[in-house]
Amino acid sequence: QVQLVESGGGLVQAGGSLRLSCAASGRTFSSYFLGWFRQAPGKEREFVAAISWRGGNTYYADSVKGRFTISRDNAKNTVYLQMNSLKPEDTAVYYCAAAALLGRLLDRAYYSAIDYWGKGTLVTVSS
């Protein structure tokens with residue numbers, strides 16, 4: 001059974017940092033694009049960051065550029081999201097996702113075609 005399991009969420013003060021991890025099991029994801037999404041209460045799920053299967057290309061939402069960094073370790077089947085300079089508006093449940101095609105991560109119209117989702121980890125940023 002394929003699983004994506006996120007960890008590293010928690011409560012942090014504004015300006016602080018957290019690193020999220022997403023460990024994949026059940027298959028190898030070295031040929032998949034991996035991404036992070038978030039969903040705040042009462043809002044739609046939104047794209048945060050994505051990384052190509054070799055890690056050479058990364059993509060970010062404008063709201064997190066310069067503050068968040070996505071990376072991956074294919075040997076460990078794990079993707080990371082380093083979050084710095086956190087703001088209260090970053091408060092959300094963060095989900096990792098895997099997709100065979102990059103467009104499924106970047107275009108909201110294709111979110112339903114994303115191959116795998118994790119169950120999420122809560123990040124709360126206090127002001």
Pair Asp62-Lys65, salt bridge (Lys or Arg N to Asp or Glu O under 4.0 Å): steps then yes or no: CA-CA 5 Å; Asp62 288 343; Lys65 274 181 188 175; 3.2 Å; yes

Please lay out, stage by stage, how Arg67 and Asp90 fare under the test side chain to side chain contact (heavy atoms under 4.5 Å, CB included). CA-CA 11 Å; Arg67 300 188 298 122; Asp90 294 318; 2.7 Å; yes

Given the rule in the side chain to side chain contact (heavy atoms under 4.5 Å, CB included) test, do Val48 and Tyr95 qualify, once you have shown the distances and angles that lead to the verdict? CA-CA 9 Å; Val48 174; Tyr95 301 88; over 6 Å; no

The test is side chain to side chain contact (heavy atoms under 4.5 Å, CB included); show your working for Arg104 and Tyr111 and say whether it passes. CA-CA 6 Å; Arg104 295 175 183 175; Tyr111 286 359; over 6 Å; no

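Here CG of Leu101 is found 7.5 Å from CG of Asp115. Values are rounded to the nearest 0.5 Å. Distance check, rounded to the nearest 0.5 Å: CD of Glu89 to NZ of Lys43 gives 8.5 Å. With rounding to the nearest 0.5 Å, the separation of SG in Cys22 from CG in Leu34 is 7.0 Å. Summarising the geometry, atom OG belonging to Ser63 is positioned 8.0 Å from atom NZ belonging to Lys87; distances are rounded to the nearest 0.5 Å.
Checking side-chain atoms of Glu6 against main-chain N and O of Cys96 turns up a donor-acceptor pair under 3.5 Å. Between the side chain of Thr121 and the backbone N or O of Gly9 there is at least one donor-acceptor pair closer than 3.5 Å. Judged purely by atom type and a 3.5 angstrom limit, Asn74 uses its side chain to pair as donor or acceptor with the backbone of Trp53.
Under a hydrophobic clustering in which Ile, Leu, Val, Met, Phe, Trp and Tyr are joined whenever their side-chain heavy atoms come within less than 4.5 Å, directly or via other members, Leu20 and Ile70 fall into the same cluster. Under a hydrophobic clustering in which Ile, Leu, Val, Met, Phe, Trp and Tyr are joined whenever their side-chain heavy atoms come within less than 4.5 Å, directly or via other members, Leu81 and Phe33 fall into different clusters. Clustering ILVMFWY residues whenever any of their side-chain heavy atoms sit less than 4.5 angstrom apart, transitively, puts Tyr59 in a cluster other than the one holding Tyr32.
In terms of heavy atoms, Ile51 sits closest to Ser71 at CD1-CA, 3.6 Å. The two residues Gly56 and Ser52 have their closest heavy-atom pair at N-OG, 3.2 Å. Minimum interatomic distance between Gly8 and Leu18 (heavy atoms only, all atoms of both residues): O-CD2, 3.8 Å. Taking each heavy atom of Pro88 and Ser127 in turn, the nearest pair found is CG-CB, 3.8 Å. Across every non-hydrogen atom of Ala50 and Leu106, the tightest pair is CB-CD2, 4.3 Å. Of all the heavy atoms in Ala97 and Ile114, the pair that sits closest is CB-CG2, 3.8 Å.
Between Tyr80 and Arg72, the closest side-chain pair of non-hydrogen atoms is not below 4.5 Å. Side-chain contact between Asn84 and Phe68: absent, with no pair of heavy atoms (C-beta onward) separated by less than 4.5 Å. Residues Ser126 and Leu11 have side chains in contact (heavy-atom distance under 4.5 Å, counting atoms from C-beta outward). Taking the side chain as every heavy atom from C-beta outward, Met83 and Arg19 never approach each other to under 4.5 Å. Using a 4.5 Å cut-off on side-chain heavy atoms (C-beta onward), Leu105 and Tyr110 make no contact.
Surrounding CZ of Arg108 are more than 12 heavy atoms belonging to other residues, nucleotides or ligands, all under 6.0 Å away.
Asp73 and Thr78 share no donor-acceptor pair across their side chains, judged by distance under 3.5 Å alone.
Annotation: cation-pi pair Arg45/Trp117 present, NZ/CZ under 6.0 Å from the ring centroid and within 45° of its normal.
The aromatic rings of Tyr116 and Phe29 stand perpendicular to each other, their planes meeting at an angle above 60°, with 30° marking the opposite boundary.
Note: Trp36 and Phe47 fail the aromatic proximity criterion, with ring centroids not under 6.0 Å apart.
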